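Have a look at the structure below before the remarks.
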Amino acid sequence: MPSRGKKRARGALKAAKEPDLKVPKSEIPKAGEEPAPVKMSGKRNAGKTSARETGTGVEQEGNQKTYTHWLMKSEPESRLEKGVDVKFGIEDLKAQPNQTACWDGVRNYQARNFLRDMKVGQKAFFYHSNCKEPGVAGIIKVVKEAYPDHTQFEKKDPHYDSSSSKENPKWWMVDVKFVRMTQRFIPLAELKRHHQAHKTSGGPLKDMALFTRQRLSVQPLTVEEFEFVLSLEEEKPH
DNA sequence: GCCAACGTTGGC
DNA sequence: GCCAACGTTGGC
């Protein structure tokens, strides 16, 4: 949720202007810093994925699957959260200086851990959530790896977190840049139909996090999932 | 606006 | 450590 200036969407961010030095995200969170990592229900990882595919930071040891593609949710319609409009659709990202913004406001540990796994150059779908027409609107890419989300320290920010400190920040964000709109908007309903069909056929969307991890605002996609969704661009909407 | 899903909090 | 209450996410 990036939010620029005062607006932000869940997971939004704001124009990323400062060239600050990057934080060594390499440092692993010390134990205790976060609530138990959520277990991803194992059964859906049937198959190849090694357990722990959704690293939760703590178990960031080396065994977890490395993701290269993502889906990031943000709200394109105005909504007040503690008096602040959290709207941040893909058009808002395009309008930022250099079409770049920081994805701030993520306040879920699992989503935060995924943000910390992101590498410069990786692509993500910009997903419109909590709106009239939810779905994939475009493609963005990571242009700066994880660094502390400053909004956690700002008392007036809707995502202020009094339990965090600058010495040991709890929440992180990345900078993303607009790449392009998808050739057509790909509605959630359409993705869901494929997901349902693939559950029986074994197709690429059978385990898509959008459906299996319902409320995660930052989620990983396998290459197969990413490419399948992209292939829908060329099809007629239906 | 409703409400299901599900993460978080806090009592015990 | 369990689990009920609560709060949030986000589709519909």
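Not measured: the values here are computed from a predicted model. Note on naming: letters A, B, ... go to the chains in the order of the sequence lines (proteins, then strands), and numbering restarts at 1 for each one.
In this entry the distance linking NZ of Lys73(A) with P of dT9(C) reads 11 Å, nearest Å. Atom NZ of Lys82(A) is separated from atom P of dT9(C) by 10 Å (rounded to the nearest Å). When rounded to the nearest whole Å, the span between CD of Glu190(A) and P of dG11(C) equals 15 Å. The separation between Glu81(A) atom CD and dT9(C) atom C1' is 10 Å, rounded to whole Å. In this entry the distance linking CD of Gln214(A) with C1' of dT8(C) reads 12 Å, nearest Å. The nearest whole Å value for the distance from the CD atom in Glu75(A) to the P atom in dG11(C) is 9 Å. The separation between Gln219(A) atom CD and dT9(C) atom P is 15 Å, rounded to whole Å. Separating the CG atom of Leu216(A) from the P atom of dG11(C) is a distance of 13 Å, rounded to the nearest angstrom.
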Taking N or O atoms only and anything under 3.5 Å, show me the protein contacts with nucleotides 5-7 of chain C, one pair per line.
unit_1, atom_1, unit_2, atom_2, d
dG7(C), N2, Arg215(A), NH1, 3.3
dG7(C), N2, Arg215(A), NH2, 3.3

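The backbone N or O of Leu205(A) lies less than 3.5 Å from a partner atom in the side chain of His195(A), making a donor-acceptor pair. Not a single donor-acceptor pair under 3.5 Å links the side chain of Arg213(A) to the backbone N or O of Met208(A).
With sequence neighbours left out, the side chain to side chain contact (heavy atoms under 4.5 Å, CB included) criterion links Val223(A) to Thr68(A), His69(A), Glu227(A). Scored by the side chain to side chain contact (heavy atoms under 4.5 Å, CB included) test, Ser201(A) finds His198(A) as partners (sequence neighbours excluded).
Val179(A) and Leu232(A) fall within the same hydrophobic cluster, where Ile, Leu, Val, Met, Phe, Trp and Tyr residues are linked whenever their side-chain heavy atoms come under 4.5 Å apart, directly or through other members.
Side-chain atoms of Tyr109(A) lie closest to dT8(B) of the nucleotides dG11(C), dT8(B), dG10(C). Nearest nucleotide to the Leu188(A) side chain, out of dC12(C), dT8(B), dG10(C): dC12(C).
Residue contacts shown for Lys132(A) are absent, as no nucleic acid heavy atom lies under 4.0 Å away. Within the nucleic acid shown, Phe211(A) has no heavy atom closer than 4.0 Å to any nucleic acid atom.
With salt bridges taken as basic N to acidic carboxylate O contacts below 4.0 Å, none links Asp149(A) and Lys170(A). Under the 4.0 Å criterion applied to side-chain N and carboxylate O atoms, Glu81(A) and Lys87(A) are not assigned as salt-bridge partners.
For the OP1/OP2 pair of dT9(C) and a distance below 4.0 Å, the side-chain nitrogens and oxygens of Tyr127(A) include no atom meeting the criterion.
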